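All figures in this text were calculated on a predicted structure; none of them were measured in a lab. Note that ligands are numbered from 1 as they come in the structure, with each ligand's atoms numbered from 1 the same way.
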Amino acid sequence: MSLAKRSTTKQSAKREFLLMLDRQLAQSSHGDPARAALHGAALACRELLSQRWARTQAEDAARGRDARCRRVHYLSMEFLMGRALRNALAALDLTDTLRQWLADHRLDLATVIEAEPDAALGNGGLGRLAACFLDSFAELGLPSFGYGIRYRFGMFAQAIQDGRQVERADDWMRDGTPWDIQRPALSFRIGFGGTVGEDGQGGRHWQPAEVVLASGHDFVVPAVSSERVSTLRQWQASAARPIDFARFAQGEYLAAGQHLLEADALNWVLYPDDSTEAGRELRLKQEAFLVCASLADLLARHLDEHGEIESLAHYNAIHLNDTHPALAPAELMRLLLDQHGLSWDAAWQITRQAISYTNHTLMPEALETWPLRMFERLLPRHLEIIFEINHRHLEAVRARFPGDTGLIERCSLIDERGERRVRMAALAIVASQRVNGVAELHSKLMVDTIFADFARLFPQRFINVTNGVTPRRWVMQCNPELAKLLDQEVGSGWRRDARQLRPLAARAERGSLQHALAGIKRTNKQRLAADIEAQLGISIDPDSMFDVHVKRIHEYKRQLLNLLHVVARYQSMLAHPEGADGKGWVARTVIIAGKAASAYHTAKQIVQLTHDIGRRINADARLNGRLKLVFLPNYGVSLAERIIPATDLSEQISTAGTEASGTGNMKFAFNGALTIGTWDGANIEMAEAMGVENMFVFGLRAEQVIELKQLGYDPRSVVANNAQLRAVLDAISRGDFSPGEPQRYRGLIDGLLQNDRYLLLADFADYVQAQQRADQLFRDPNAWQAQAARTIAGMGRFSTDRTVAEYVDSVWSVQRAAGSSTLSD
Ligand SMILES: *Cc1c(COP(=O)(O)O)cnc(C)c1O
């Protein structure tokens, strides 16, 4: 496109945008003006983005035949998208246009942006990774679809009452969903239950007992440096039949519409509490619903473009984000066998070539399994197919390892111990051409531990692809001042190629750079301090070290270890007000945020303990405000975007060997926070990239953790040898922080002393020392900022642009699928 033409297109887009805004505002003349403006701006952006969407789809269809890279279908139960307006405005180059228009209407842009609710359709890192991938799919121009479910109430909104977490429905769609593009033509019938019989032609016929409709809603994700977009297609369930009119006429309103409600329940929340049978069944139905609707859509598109089914895997990659969509191979087999009449071998070859799977956790209890009887009741034909896959799989194993019955049991798709269950990870592995972990250590432990048997069977199948984050949202948008500084220092190319941040390391010692970094950090900290004061009434010192631990609350992430340090510090400050070395205490503000799963008692206790300790410390005048502990409620993407640019010290302190990768760690480092962390997940690769001397590394390594547990770890002996630790545990255990209920944390602390599964006590002393090293460096602001510059400089590898490019090369490419080794392996 010529320059002149591009500028007229831009002018006309701008004109169109303003016209739409005026029209929208005119239509919503009352109510909250910021919300009305938000709605109007979103609708106007959506219109322009949907034009880009249509062009992108036309390009992809035309590229079709000789695309080197297949269309990628990324199936995920979670997409943690956050807000969309700022991203859309940046991509459309309309930020200033909207700011001006709002000013003319006496509104300001920040207020309007803040009025947008987060699309919090996810739980944590796995869902945010999927959202970062969509950003990189667009930026790299990768033909793709993300597939998810349109949860009306997300996961839950966290509120704090009396220091305790309470869960509320997150009613994020209350004001409507202006970003959604409805696709009325996309509607698929999804079956559950019923019976399976002969179809009269030697095949099988499934007659479901219940049918729901899946309808598609598209959310468009733009690139910044091109007009390409990617698509998040979210399915919404509704009943296939209208109300029962006869019953309605008899006045039985609820009974007349019972099935409408049951279908709608599929859309309500992500991860219904799985502590009940009904919750578990709903979850399995959601997973099946996602998989069946997405594959129906994929097949329809493929047949439309290519007219035959045999080339399906040549043109399409299907990726499973963890095992939640692991029903996909069974559903694809069902479609190919029962609807397209393919032979088992032909169908299996296509399935194996199309599917790949990412594992996100090593915790055995997190590996999904479903009771056979539940599966049979809801998905009888899928279960038949899984049995057949298993039969053939085990035959092959027996042939290769005759007599190894232990191996057969361990790698069966059916767990026969106790109640029989389907192992979803086993299904995903057997059906995939590639299985990847998400950081080097995790990928190694994956094949050494939970998947050791499968790695023996299929050694070529397992690879590593280290996670990343998108620098567009996690630097450009959340920290525009830093983005501007980076542009000045290394040019603006880092926005698309984060490796271009490297030269920053050579400039780390420059006073002007240190000064600029410190100034930006201070501004961000002041803004967060003002938020905290306004929201929680806690006043914090913007010159104190902001020491931040934000992520899901989980024992393995060790928020409790952080609290042990806070209490130790508190006790030391009271005992030695002049500081250990007579130089006084470095002022610290410890900030914690994160949601605890609703049925996870210990995690909820940790939330409460944070509040109890905070209440006491924050009110203790003897500290002169030099230690504060703040819990920010309802952690999510928007809160993260606020907190991360204001962080000095990033807490990444999981027990070595437990955090698969982490992506929070990367967001902080991109924003110039220094990391205090264990030798775990992607921390290791980050340390190697930036130079390990730029990170505060502490604690046992993964192999030491294993060794210690084998030797017999005794937490009590650790405590017996550490008076400081003893004093901390005693204070919490006897109720110093919960005087109204002194027994409140007795169980929590006793639990640590009896079975410290995540080795908090073993790592405590080393953690406290690492914290002292952080204090020391913080006293020298220039040295601190030099280290921040080297941290940023080392982050080049940790962009999802690199991650996605690796998936394309080693998982999703045509060459990969065509390679012979992928099938025999
Ligand atoms: C990045 C992110 C996470 C993942 O954080 P980890 O520290 O890797 O666990 C979780 N939640 C939100 C909202 C995020 O943005």
Side-chain angles (χ1 to χ4, degrees), residues 76 78-83 87 117-136 154-158 170 172 270-271 321-322 360-363 366 437-439 441-442 466-475 477-479 547-559 561-562 591-597 603 632-647 649-655 658-671 673 675-678 680-686 758 795 798-800 803:
S76 179
E78 301 185 28
F79 286 89
L80 208 51
M81 302 299 287
R83 290 175 177 143
N87 199 36
D118 271 33
L121 311 183
N123 175 25
L126 173 155
R128 184 54 227 176
L129 182 76
C132 283
F133 277 10
L134 291 175
D135 185 273
S136 286
M155 189 171 69
F156 63 81
Q158 180 193 53
D170 175 10
W172 70 284
L270 165 75
Y271 299 144
N321 192 26
D322 216 321
H360 286 274
T361 174
L362 296 172
M363 301 206 180
V438 290
L441 175 66
H442 167 239
T466 300
N467 282 165
V469 299
T470 168
R472 266 79 59 187
R473 181 170 297 255
W474 296 109
V475 183
Q477 277 182 53
C478 73
N479 202 346
D547 166 354
V548 175
H549 201 171
V550 294
K551 49 184 77 233
R552 282 181 300 122
I553 308 289
H554 199 291
E555 286 161 279
Y556 87 81
K557 291 175 180 282
R558 302 205 292 190
Q559 283 91 357
L561 176 58
N562 187 335
I591 296 172
I592 296 179
K595 293 178 183 174
L632 281 168
N634 206 26
Y635 186 55
V637 173
S638 290
L639 190 55
E641 288 178 71
R642 201 67 158 181
I643 295 173
I644 290 170
T647 296
L649 187 66
S650 156
E651 299 270 354
Q652 308 298 337
I653 62 174
S654 53
T655 317
T658 62
E659 185 72 271
S661 161
T663 49
N665 46 3
M666 301 172 189
K667 298 167 195 166
F668 284 102
F670 261 117
N671 284 277
T675 303
I676 182 165
T678 43
D680 197 19
N683 293 355
I684 300 171
E685 289 155 75
M686 285 166 53
Y758 295 107
M795 289 308 290
F798 302 95
S799 160
T800 36
T803 309

*Asks:* Counting only heavy atoms and a distance below 4.0 Å, can you name the residues contacting ligand 1?
*Replies:* L80, G124, G125, R128, W474, K551, K557, Y635, G636, V637, G662, T663, G664, K667
*Asks:* Strictly by modelled atom types, are N467 and T663 linked by a side-chain donor-acceptor pair under 3.5 Å?
*Replies:* no
*Asks:* Calculate, to the nearest 0.5 Å, the distance between atoms CE and SG belonging to M81 and C132 respectively.
*Replies:* 9.5 Å
*Asks:* Is a side-chain donor-acceptor pair under 3.5 Å present for E659 with Y556?
*Replies:* yes
*Asks:* Could you check whether any side-chain N or O of Q158 sits under 3.5 Å from a backbone N or O of G594, counting only pairs where one atom can act as donor and the other as acceptor?
*Replies:* yes
*Asks:* If we check side-chain contact (heavy atoms from CB on, under 4.5 Å) with L632, which of these qualifies: L639, V550, V548?
*Replies:* L639
*Asks:* Are E555 and T655 side-chain neighbours, meaning at least one heavy-atom pair lies under 4.5 Å?
*Replies:* no
